[in-house]
Amino acid sequence: MSDKIIENNQVTIMGEIASDFTFSHEVFGEGFYMVDVKVKRLSNSEDRIPLMISERLIDVTRDYTGEYIMVNGQFRSYNRHEEQKNRLVLSVFVRELEFIDEELDGAKTNSIFLDGYICKLPVYRKTPLGREIADLLLAVNRPYGKSDYIPCICWGRNARYASAFEVGEHVQIIGRIQSRIYIKKLSDTLTEERTAYEVSVSKLECVEI
């Protein structure tokens with residue numbers, strides 16, 4: 001049963017370690033740590049993606065900055081309570097990892113497959129230049145009755161197609177994880193630079209039940 005569940009959320013990331021490890025939390029004596037990885041896009045810009053890694057998979061006391069790594073895992077979310085409201089925090093939960101010499105030419109450095117359910121109505125809009133965009137929030141089931149809530153963004157005809165989805169529809173998505181910097185207004189005078197994470201959708205389909 002749990003293997004079947006894990007198939008519905010699959011991520012492969014290949015990139016350069018760009019930070020130290022910071023402690024996240026502990027479960028049954030096993031410590032989990034966060035580390036950032038820089039992943040190149042085809043456009044030569046890059047995404048900075050947070051990984052959550054068990055201390056049993058890697059020596060978290062070492063500095064691996066600048067080394068290249070390939071990981072397989074899942075894109076997970078949890079709610080962190082701050083400023084009187086919950087904030088959705090996303091990271092790649094690593095199941096397997098290996099060090100590599102550098103990014104392999106032609107290899108997929110950033111890919112994700114999700115199989116889940118639309119949990120709020122899509123938001124469809126057009127940019128000033130006429131580009132079509134649709135924002136989706138996908139609930140992806142995990143074992144033990146948990147779910148991850150993954151923001152996804154569609155473009156062009158995928159956006160038009162997704163704009164008609166209803167809440168509860170079963171959808172499969174293929175894409176890549178991307179990071180996006182935005183300015184959060186904390187008060188009239190105070191702002192803070194933050195990073196949002198979402199899945200940029202390249203293929204999607206509605207699964208008939």
Side-chain angles (χ1 to χ4, degrees), residues 6 9-25 30-80 82 87-114 131 133 135-138 140 148-155 158 173-184 191-204:
I6 286 163
N9 184 340
Q10 299 175 47
V11 176
T12 300
I13 297 286
M14 196 184 301
E16 180 187 342
I17 294 178
S19 73
D20 292 330
F21 289 92
T22 56
F23 178 75
S24 170
H25 65 283
E30 181 178 3
F32 290 88
Y33 288 76
M34 304 299 297
V35 69
D36 285 346
V37 168
K38 289 191 295 194
V39 182
K40 280 200 177 73
R41 292 191 191 182
L42 290 174
S43 60
N44 271 341
S45 59
E46 58 190 25
D47 294 293
R48 193 176 173 108
I49 296 171
L51 308 182
M52 184 179 289
I53 304 183
S54 164
E55 63 189 355
R56 296 177 187 176
L57 284 179
I58 196 167
D59 179 0
V60 295
T61 63
R62 273 190 58 188
D63 180 5
Y64 294 99
T65 305
E67 296 198 38
Y68 285 88
I69 192 173
M70 182 166 78
V71 304
N72 294 311
Q74 296 170 276
F75 202 27
R76 290 191 176 178
S77 71
Y78 73 95
N79 273 315
R80 186 164 70 207
E82 56 180 56
R87 181 175 165 214
L88 194 68
V89 179
L90 295 148
S91 62
V92 173
F93 180 82
V94 175
R95 292 191 168 277
E96 301 171 320
L97 68 84
E98 63 177 298
F99 286 95
I100 52 179
D101 291 338
E102 56 185 323
E103 289 167 341
L104 306 174
D105 281 345
K108 264 203 175 315
T109 58
N110 181 342
S111 64
I112 183 168
F113 168 78
L114 296 172
R131 197 173 188 198
I133 302 173
D135 294 308
L136 309 177
L137 189 63
L138 203 65
V140 180
D148 293 297
Y149 296 92
I150 313 295
C152 303
I153 186 163
C154 308
W155 313 89
N158 279 339
I173 281 173
I174 293 172
R176 56 193 304 285
I177 298 171
Q178 66 181 23
S179 62
R180 176 171 51 81
I181 291 172
Y182 69 100
I183 304 298
K184 169 79 173 174
T191 60
E192 182 180 84
E193 188 177 277
R194 289 185 173 176
T195 306
Y197 305 98
E198 62 210 354
V199 172
S200 178
V201 176
S202 56
K203 292 181 184 172
L204 82 162

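From a predicted model like this one, the values you see are computed outputs, not experimental measurements.
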**OP:** Taking the side chain as every heavy atom from C-beta outward, state whether L90 and P151 have any atom pair closer than 4.5 Å.
**Re:** yes
Original post:
About how many Å separate CG of L51 and CG of L97, when rounded to the nearest 0.5 Å?
Top reply: 9.0 Å
**OP:** Kindly compute the distance separating CG (D135) from SG (C152), expressed to the nearest 0.5 Å.
**Re:** 9.5 Å
Original post:
Of E46, R48, E198, which meets side chain to side chain donor-acceptor pair (under 3.5 Å) against Q178?
Top reply: E198
**OP:** Of all the heavy-atom pairs spanning D59 and F21, show the shortest one and how long it is.
**Re:** O-CE1, 4.2 Å
Original post:
Does a side-chain heavy-atom distance below 4.5 Å link V35 with I58?
Top reply: no
Original post:
Testing I13, V11, T12 for side-chain contact (heavy atoms from CB on, under 4.5 Å) with V71, which one passes?
Top reply: I13
**OP:** Report, as yes or no, whether the 6.0 Å neighbourhood of atom OH on Y149 holds more than 12 heavy atoms from other residues, nucleotides or ligands.
**Re:** no
**OP:** Measure the spacing between CD1 of I173 and CG of L138 and express it to the nearest 0.5 Å.
**Re:** 5.0 Å
**OP:** Determine the minimum heavy-atom distance between G175 and S202, stating which atoms define it.
**Re:** CA-OG, 3.7 Å
Subject >> Side chains of R41 and D47 in contact at under 4.5 Å (non-hydrogen atoms) >> reply: yes
Original post:
Would a 4.5 Å heavy-atom cut-off, applied to side chains only, mark L204 and L136 as touching?
Top reply: yes
Subject >> Where L57 and V94 come nearest, the two heavy atoms and their spacing >> reply: CD1-O, 3.6 Å
**OP:** Examine distances only and state if a side-chain atom of S77 and a backbone atom of L88 form a donor-acceptor pair shorter than 3.5 Å.
**Re:** no
Original post:
Once you round to the nearest 0.5 Å, how far does CD1 of I49 lie from NZ of K38?
Top reply: 13.0 Å
Original post:
Is there a side-chain contact between I17 and F99, using heavy atoms and a 4.5 Å cut-off?
Top reply: yes
Original post:
With a 4.5 Å heavy-atom cut-off, do W155 and S200 have their side chains touching?
Top reply: yes
**OP:** Heavy atoms only: give me the nearest T195-S179 pair and the separation to one decimal.
**Re:** CG2-CB, 3.8 Å
Subject >> Side chains of E193 and I183 in contact at under 4.5 Å (non-hydrogen atoms) >> reply: yes
Original post:
How far does CD of Q74 sit from CG of N9, to the nearest 0.5 angstrom?
Top reply: 5.0 Å
Original post:
What is the minimum heavy-atom distance between I100 and M14, and which atoms define it?
Top reply: CD1-CG, 3.2 Å
**OP:** Starting at CD1 of I69, measure out to CD of E98 and round the result to the nearest 0.5 Å.
**Re:** 9.0 Å
Subject >> Over all atoms of both residues, closest heavy-atom pair of M34 and P50 >> reply: CE-CB, 3.9 Å
Original post:
Within the distance-only criterion (no hydrogens, no angle test), does the side chain of N72 pair as donor or acceptor with the backbone N or O of R95 below 3.5 angstrom?
Top reply: no
Subject >> Heavy-atom check, side chain of I53 versus side chain of V60, under 4.5 Å >> reply: no
Subject >> With Y33, the ring pair (Phe, Tyr, Trp, His ring centres under 6.0 Å) member among Y64, F23, F93 >> reply: F23
